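Since the structure comes first, as structure tokens, the remarks are kept for the end.
These figures come from a predicted structure and were not determined experimentally.
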Amino acid sequence: LMAASNMLIKWNLEKSETQISFVNNGENPKLSSVKSIFIDENDHIWLGTTNGIYILSEEQKFIRHLSVADGLPGSVVTHMSKSGDGSLWICTSNGICFADLKSNKIGLPDKDFIVALLKGKYCNTLWFKSDNEVWAGTREGAYFINLDTGVSLVLTTNDGLIFNEV
């Protein structure tokens, strides 16, 4: 499944079939630009947009909208990634948070150092090297975090990156 602005593109490689569906079809709330997609174990489609997260059913019917009022640190959702412990990490324009995939509620990590480290940062992406090691790409550099020890490392152009935005 792939997104382009306000549409979802689903393709079947085995059959060489492409299906395009418009999310803004009058049945769903008007979505802003889609930046990230995550599909949970119930086949619900989580769309990270420039106006929060929209959760759709497998049939692409609206289930819920999550916004700053629900606990997102920023309104622009750039990336969503499931960690080894099953929590959904969400990158936003103003830091990170977690989502409980069962209740569809937003929460903050139980480890304060993660929130403090990335608070106010425009987080672009996350990559889990292992269950306890995560990299966060921001507009201010790359952040490495060891979730067990709390040790972190920040890499910028001063450390050899070509650009600070990762």
Side-chain angles (χ1 to χ4, degrees), residues 1-11 18-83 86-109 111-112 114-128 134-145 154-157 161-166:
L1 190 63
M2 189 171 83
S5 188
N6 65 354
M7 69 177 82
L8 297 177
I9 303 167
K10 184 177 178 179
W11 68 89
T18 303
Q19 174 188 354
I20 298 175
S21 56
F22 291 90
V23 180
N24 291 337
N25 59 11
E27 296 175 19
N28 295 323
K30 180 115 172 98
L31 300 184
S32 48
S33 182
V34 176
K35 302 234 173 245
S36 180
I37 299 176
F38 175 78
I39 300 174
D40 68 21
E41 52 272 349
N42 296 316
D43 291 326
H44 293 159
I45 304 164
W46 294 57
L47 300 175
T49 73
T50 54
N51 187 29
I53 296 172
Y54 290 85
I55 304 172
L56 306 177
S57 69
E58 184 178 12
E59 298 79 26
Q60 299 175 16
K61 303 292 183 199
F62 175 77
I63 295 174
R64 182 153 189 219
H65 176 236
L66 300 171
S67 68
V68 173
D70 298 298
L72 288 174
S75 60
V76 178
V77 176
T78 57
H79 186 86
M80 295 176 282
S81 186
K82 191 173 179 181
S83 68
S87 58
L88 183 64
W89 288 45
I90 301 167
C91 289
T92 77
S93 53
N94 197 33
I96 65 165
C97 63
F98 294 147
D100 181 322
L101 292 170
K102 293 186 182 10
S103 68
N104 297 339
K105 292 188 178 175
I106 301 297
L108 294 175
K111 299 181 180 183
D112 291 337
I114 300 169
V115 175
L117 186 64
L118 296 173
K119 185 175 182 163
K121 307 278 191 276
Y122 196 109
C123 186
N124 293 313
T125 191
L126 287 169
W127 176 64
F128 289 91
V134 63
W135 284 90
T138 74
R139 288 186 171 173
E140 299 172 23
Y143 288 73
F144 169 79
I145 307 162
V154 181
L155 299 174
T156 67
T157 53
L161 290 181
I162 297 172
F163 301 106
N164 277 334
E165 184 157 357
V166 177

Between [X] and [Y], what is the shortest heavy-atom contact and its length?
X	Y	answer
Y143	T138	CE1-OG1, 3.4 Å
N104	L66	O-CD2, 3.4 Å
C97	I106	SG-CG2, 3.7 Å
S75	S93	N-OG, 3.6 Å
A142	L161	N-CD1, 4.1 Å
W46	M80	O-CE, 3.3 Å

From [X] [atom1] over to [Y] [atom2], what is the distance, rounded to the nearest 0.5 angstrom?
X	Y	atom1	atom2	value
N124	T92	CG	OG1	10.5 Å
L118	I96	CG	CD1	5.0 Å
I63	E58	CD1	CD	10.5 Å
R64	H44	CZ	NE2	12.5 Å
L126	T78	CG	OG1	8.0 Å
L47	F62	CG	CZ	11.0 Å

Looking at side-chain heavy atoms only, is the closest gap between [X] and [Y] below 4.5 Å?
X	Y	answer
Y54	V34	no
K35	T50	yes
F38	L101	yes
E140	V154	no

Please check if the side chain of [X] supplies one atom and the backbone of [Y] the other of a donor-acceptor pair under 3.5 Å.
X	Y	value
H79	A136	no
S36	G48	no
D100	K105	no
N164	T157	yes

ask   = Is there a donor-acceptor contact under 3.5 Å linking the side chains of S57 and E59?
value =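 Side chains of S57 and E59: pair found under 3.5 Å.
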
key: Option among L72, L88, D70 that satisfies the side-chain contact (heavy atoms from CB on, under 4.5 Å) test with I53   =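 Answer after filtering L72, L88, D70: L72.
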
query = Aromatic rings W89 and F128: how do their planes relate, parallel, tilted or perpendicular, breaks at 30° and 60°?
reply =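 Ring orientation of W89 relative to F128: perpendicular.
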
